[in-house]
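We're numbering straight along the sequence, starting at 1.
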Amino acid sequence: MSPPLLSIIIPTYNRPDLLPRAVNSALSQTLTDIEVVVVDDGSTPAVLLPAQERLRVICLTTNQGGAAARNQGAEAARSRWITYLDDDDVLLPDMAEKAMAAIQHIPQALPRPVAILFGLTRINSQGHKLDTHLPPTLPRGSHFCLEEISPKESFFSKQTLVIEKDVLLGTGGFDATFSSRVHTELFLRLNPVCSLWGIPEVTYYLSAHEGVRVSTNSQRRQQNFERLVTKHHALFTSHPRKTFADFTFSHARMLQRNGQSRLSMIALGRAFVLHPIHTVFRLGSPYKRRFLKAVSLLKNHA
């Protein structure tokens, strides 16, 4: 039997109520030549899904974390191309079809190898759309998250990655020492050796629900942010301070969105130290007006 065109990998841990929805969205693709690989990261009780021809469940005996589960899924995948789906999110029905069509038309100008990113929309528990993030295109040798991109583009689209299995594993895969920020850490290693082609079409719905998420664990998220900056310190400091400030500001904004106000203010202060003018401008109009007024007063008294 020939391998399927695409493997959709779903790592999961103790999400029995949400997992079936994610699995159904993967199995309901308009392109049927796919496989869905669920990696049960030591759930209690273990994952139990109805047997289906295109579905495999890999059960890990102990909880190893999302990064390790993703790597296990990649190693087990039968397809040349793989993608991931979080167990509380859903794919649009034509995701696989669009991915395989795009692979046939990768721009010649992009240095090989090339991975693909699509757009992502956040939805709330009622299914209402909150915001949409469209990915940039960055050639091999760039540094995802640290490059200047169009205001219409966003780095918050990493979950949509479609990549050759051997390319992902060739980078070492996801770093299992990280319990959050695993996508950001991967992309900082991936983009220097792989072009990223951003396609402005939404194929992924990310659920902004009130349940437990890695991103809402304030202590874990802050620890992994510090670990990320330490591991890639040379990379961060080799870029303009404005870029580092932007990255830190985005971290502060995400903390604030998750209700972690104290940590958000600490991160915001760090961004201000890195690049005060740029950080003030990113805060928005009221702060920008105050800043410009202060500058004007200083000039008048000079």
Just wondering, more than 12 heavy atoms not from Leu48 lying within 6.0 Å of its CG?
no
Between Arg221 and Leu255, is there a donor-acceptor pair closer than 3.5 Å when you use the side chain of the first and the backbone of the second?
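It does not hold such a pair.
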Using a 3.5 Å distance criterion without hydrogens, assess whether the side chain of Ser25 forms a donor-acceptor pair with backbone atoms of Leu91.
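Yes, because the side chain of Ser25 sits within donor-acceptor range (under 3.5 Å) of the backbone of Leu91.
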Side-chain contact test, heavy atoms from C-beta onward, threshold under 4.5 Å: evaluate it for [X] versus [Y] and give yes or no.
X	Y	answer
Thr83	Tyr204	no
Pro200	Leu134	yes
Thr184	His232	no
Arg227	Arg181	no
Arg21	Ser207	yes
Ile8	Gln29	yes
Arg189	Glu185	yes

If you round to the nearest 0.5 Å, how far is NZ of Lys165 from CD of Glu75?
8.0 Å
Give the intermediate values and the outcome of side-chain contact (heavy atoms from CB on, under 4.5 Å) for residues Phe187 and Leu138.
CA-CA 11 Å; Phe187 274 64; Leu138 295 171; over 6 Å; no
Are the ring centres of His133 and Phe155 closer than 6.0 Å?
no
